[in-house]
Amino acid sequence: MTIENNIVRHIQKAVSALYQSEIELDSIVIQETRKEFEGQITVVTFPFTRFSKKLPEQTGAEIGDYLLKFIPEINAYNVVKGFLNLSVSDGYWINQLLNTVLSPDFGHFPKNGKKVMVEYSSPNTNKPLHLGHVRNNLLGYSVAKILSANGFDVVKVNLVNDRGIHICKSMLAWKLFGKGETPESSGLKGDHLVGKYYVIFDQEYKKQIAELVHKGETEENAKKNAPIIKQAQEMLLKWESGDAEVMGLWSMMNTWVYAGFEQTYDQLGVDFAKYYYESDTYLLGKDIIEEGLQKGVFFKKEDGSVWIDLTSDGLDQKLVLRADGTSVYMTQDLGTAQLKYDDFNVDQSIYVVGNEQDYHFKVLFLILQKLGKSWAKGLYHLSYGMVDLPSGKMKSREGTVVDADELMADMIHTAKERTEELGKVDGFSEAEKADLYKMIGLGALKFFLLKVEPKKRLLFDPNESIDFQGHTGPFIQYTHARIRSVLAKAEYKERISREYLMNLTTVERELILNLCKYPAIISMAAKEYSPAQIANYVFELAKLFNKFYHEESILKAEDLAVRNFRLDLSSATASTIKNGMDLLGIGVPDRM
RNA sequence: GCGCCCAUAGCUCAGCUGGAUAGAGCAACGGUUUUCUAAACCGUAGGUCUUAGGUUCGAAUCCUAAUGGGCGUACCA
């Protein structure tokens, strides 16, 4: 039992003994003591005054006396207005460090027997990945790691949107203007090559619209009747009918794209247990439509289209099947949800998808509930904000995107320059240098994206490079390297100090307190699906260590016992940083 | 029009289920290295938490409205 739980229980008893009143455990508020006051744990005593019928100060003192008497670890208290500040003995904190924080399974929760699926990335195959996808990928990967650390069995899946009009646009433009260009012939990465023709299509399309408008067509008609869009639509129909030539072109270009994506995923460090392809799933869901009609959840209009009426839930009427019997997005998502459940039998399923689709998922989940799917309550849309440029939203068609591959390469290059300037790679082999630059460059990028709450939108200014100092990945990586360097000098292997009585300095105590918070942070991060919780925690921890490092000497501590203790404290900090960063998908070096 | 989300220092962001004088980083200014890595540390300055009501012993946090910004509201995905 943690000291906090112990305190809460004793407060309950204290209120009962002192004021003959019963109080709920939940209503007892405990928090960290603010730096300017003495103590580590603070009890808010305002709520107890209605039982004590006394002033907050007096109530606090009475409860303080009670706790002092019954909890041996508490050795002092002070009262400031309605706040009871408790001082816990240094012996307790030292014991926590040695027996809890330094234990091998610290921060790892036992298996909870639950299975969760995380669907993320989910790219379209008509263009390369950009910064928005990077945020998605990092979020999905990190959330999967966090859930796993919390004891879940995690299945990562990628639902690839490999069909549809947008892919046909790239295909058509390549066919018309590509002159047989291939990744091999041009040296272009496959996804970039296909993306190039997506842009070309759009340029040509706009040109044709302009011509038609010039000839007197309305804008709306021009958009509908431009020859190139008609051709793309025809191509889509041919694809759907299985036309051999179109299918051949489609699979060739998709193969290029997949090779490109693999490279990007690999560089980013993300992976998947299974890929789903929309070309396999887009016809699914029709049986669910039938099921819904029979259950009376859906209704059919005169023209044959199928709808659900969600007005009683404060939403609209929503189409689930077209009049011609073909699928819409919702149809296939209903089918795919069922497929994913049938495949893996998961307890929870998380969709990492941008907030522009909030409404879609609200409706999707509601429909599945109305259909009585037992697993519907385990569905969750991890909605995240768009990545904006100073100029506004990124648009692939208009080329105003921050390309994922380029950005990663830039970051690694900057890391190289920085590191060389600082002269920190003496004695590194070329391979070690390359690894280090990648670790730092991507560490900066990943931390930059993950430190922000997923829900919030994120501003990226390509003209201002991502920082390597301050609230950044490299700051934390540096702290880790610093610790490892000290430990290496001491030839530290494993826990070396014993339990003994000593007085902690303020920073030491703060550091231990911070380390003790780690498991709670991990579980909160899982509950909120928020890597940002971990990012900000690890930053605090690193900052605190640097303060400690600056104020106290580790290797040259006056007393051997103190030296050993500080080595243990440093080691515990290093592992916690490493583990926390690992949950973000960020590596930490031993030297930098 | 209707619905959802966001608004905290010049900039980028924290702030747990309501709790003490709202915190970091960057940028600015000043200081710290013969001592374990200065990608660091310390200090100064910077705030009517968008606004107005309400609930409460207590509100950046909860409720209502307004303002500003984003997104959605397709027989697109």
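Since the structure is predicted, the reported quantities are computational estimates derived from the model, not experimental observations. We use all heavy atoms of the structure for the numbers below, so side chains are in, but hydrogens, waters and symmetry mates are not. Residue numbering restarts at 1 for every chain, and letters A, B, ... go by the order of the sequence lines.
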Might you list the N or O atoms of the protein lying below 3.5 Å from N or O atoms in nucleotides 5-11 of chain B, with each pair's distance?
from, atom 1, to, atom 2, distance (Å)
B:C5, O3', A:Lys455, NZ, 3.4
B:C6, OP1, A:Lys455, NZ, 2.4
B:A7, OP1, A:Lys456, NZ, 3.2

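- Comparing B:A20, B:G19, B:C36 by their closest approach to the side chain of A:Thr33 singles out B:A20.
- When heavy atoms are screened at a 4.0 angstrom cut-off, A:Thr49 is found touching no nucleic acid atom at all.
- Out of B:A20, B:C41, B:A39, the shortest distance to the side chain of A:Phe468 is found at B:A39.
- You'll find that the side chain of A:Glu453 is closest to B:A14, out of B:C36, B:A39, B:A14.
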Output a table of nitrogen or oxygen pairs between the protein and nucleotides 75-77 of chain B separated by less than 3.5 Å.
from, atom 1, to, atom 2, distance (Å)
B:C75, O3', A:Arg322, NE, 3.3
B:C75, O2, A:Ala323, N, 3.3
B:C75, N4, A:Asp303, OD2, 2.1
B:C75, N4, A:Ser305, OG, 3.4
B:C76, OP2, A:Arg322, NE, 2.8
B:C76, OP2, A:Arg322, NH2, 2.3
B:A77, OP1, A:Arg322, NH2, 3.4
B:A77, OP2, A:Tyr329, N, 3.0
B:A77, O3', A:Glu278, OE1, 3.4
B:A77, O2', A:Asn161, ND2, 3.2

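- Contact check, A:Lys424 against B:A39: a side-chain N or O comes under 4.0 Å of OP1 or OP2.
- At the heavy-atom level, A:Glu421 lies nowhere under 4.0 Å from the strands shown.
- With B:A20, B:U35, B:G15 as the candidates, the nucleotide lying closest to the side chain of A:Gln533 is B:G15.
- Looking at heavy-atom distances under 4.0 Å, A:Tyr359 makes contact with sugar-phosphate atoms alone, never a base.
- Looking at A:Thr42, its side chain comes within 3.5 Å of the base of B:A20 through a donor and an acceptor atom.
- Rounded to whole angstrom, the span from the CZ atom of A:Phe428 across to the P atom of B:U37 amounts to 13 Å.
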Show the distances under 3.5 angstrom between N or O atoms of the protein and N or O atoms of nucleotides 25-28 of chain B.
from, atom 1, to, atom 2, distance (Å)
B:G25, O2', A:His471, N, 3.0

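- Out of B:U37, B:A39, B:A22, the shortest distance to the side chain of A:Arg34 is found at B:A22.
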